[in-house]
Amino acid sequence: MTSYSYASPLSGTSFRATETRTRLDALARFLDSAICVPGTNFRFGADALLNLIPAIGMLTSKGMSAYLIWEARRLGVPPGTLLRMVGNVGVDFAISAVPLVGWVGDVFYRSNLRNMALLRDHLDRVHPGPNIFQR
């Protein structure tokens, strides 16, 4: 006797959503909290370090933030949530534009982690299922 099985189109979508969530979560952590100051709980990421390089660093870090928003749009995040995500990056951009003081503000305002929380909420509603990467 031969058994046939087929892959549900929904399972592939759920797997891709989980895979994308993991990749984008890693990007957000890299940008906002990758480095821990030894002996403290204080963390900062590549976003703050890149902003030390005038102009090019800020464009690079905000470009990676824009990629996170682009992926969220691709995953079907509603326009209202996308606007909130753009607003978070806009505030981060405004803070980063101020020399020296902007670097300190950039360490404390973590727009990518905020955006990832919004994306995670959307994916939990749209693609429920086992999420072994949840905090």
From D47 atom CG to R110 atom CZ, the distance as rounded to the nearest 0.5 Å = 10.5 Å
Derivation and outcome, side chain to side chain contact (heavy atoms under 4.5 Å, CB included), residues V89 and M85 = CA-CA 6 Å; V89 174; M85 293 173 84; over 6 Å; no
Going through the distances and angles, do R29 and D25 end up as a salt bridge (charged side-chain N to carboxylate O under 4.0 Å, His left out)?
-> CA-CA 6 Å; R29 289 178 194 278; D25 196 36; 3.3 Å; yes
What closest approach, in Å, do A28 and M116 show between heavy atoms, and which atom pair accounts for it?
-> CB-CB, 4.0 Å
Of all residues at least two apart in sequence or in a different chain, which pass the salt bridge (charged side-chain N to carboxylate O under 4.0 Å, His left out) check with D32?
-> none
Yes or no on side chain to side chain contact (heavy atoms under 4.5 Å, CB included) for F44 and V37, after CA distance, side-chain angles and deciding distance?
-> CA-CA 8 Å; F44 62 95; V37 176; 3.9 Å; yes
Any ring pair (Phe, Tyr, Trp, His ring centres under 6.0 Å) pairs touching residues 49-108, not counting sequence neighbours?
-> F42-F108
Heavy-atom check, side chain of V91 versus side chain of S111, under 4.5 Å = no
Linking I/L/V/M/F/W/Y whenever their side-chain heavy atoms sit closer than 4.5 Å, directly or via other members, would L68 and L50 fall into one cluster?
-> yes
Evaluate the side chain to side chain contact (heavy atoms under 4.5 Å, CB included) criterion for residues R21 and L119: first the C-alpha distance (whole Å), next the side-chain angles of each, then the deciding distance (0.1 Å), finally the verdict.
-> CA-CA 8 Å; R21 177 194 313 226; L119 178 59; over 6 Å; no
Check the hydrophobic clustering (I, L, V, M, F, W, Y; side-chain heavy atoms under 4.5 Å; chains of links allowed) and say if M58 and V86 are grouped together.
-> no
Hey, any chance L31 and L118 share a hydrophobic cluster, counting ILVMFWY side chains that come within less than 4.5 Å of each other, even indirectly?
-> yes
Summary of side-chain hydrogen bond (donor to acceptor under 3.5 Å, both in side chains) pairs that have at least one residue in residues 33-42, sequence neighbours excluded = none
Is the side chain of D92 donor-acceptor paired with the backbone N or O of N88 at a distance under 3.5 Å, no angle test?
-> no
When you look at K62 and N51, which way does the side chain to side chain contact (heavy atoms under 4.5 Å, CB included) test go after all the steps?
-> CA-CA 10 Å; K62 299 317 171 234; N51 286 330; 3.7 Å; yes
If you take all heavy atoms of L75 and H122, which pair is closest and at what distance?
-> O-NE2, 3.5 Å
Same cluster (ILVMFWY, side-chain, under 4.5 Å), I95 and L49 = no
Any side-chain heavy atom of L27 sitting closer than 4.5 Å to one from N112?
-> no
Can V104 be reached from V98 by stepping across I, L, V, M, F, W or Y side chains whose heavy atoms are under 4.5 Å apart?
-> no
Interatomic distance, CD1@I56 vs OG@S61, rounded to 0.5 Å, equals 12.0 Å
For V77 and L82, which heavy atoms make the closest approach, and how far apart are they?
-> O-CD1, 3.6 Å
Other residues, nucleotides, ligands: >12 heavy atoms within 6.0 Å of R23 CZ = yes
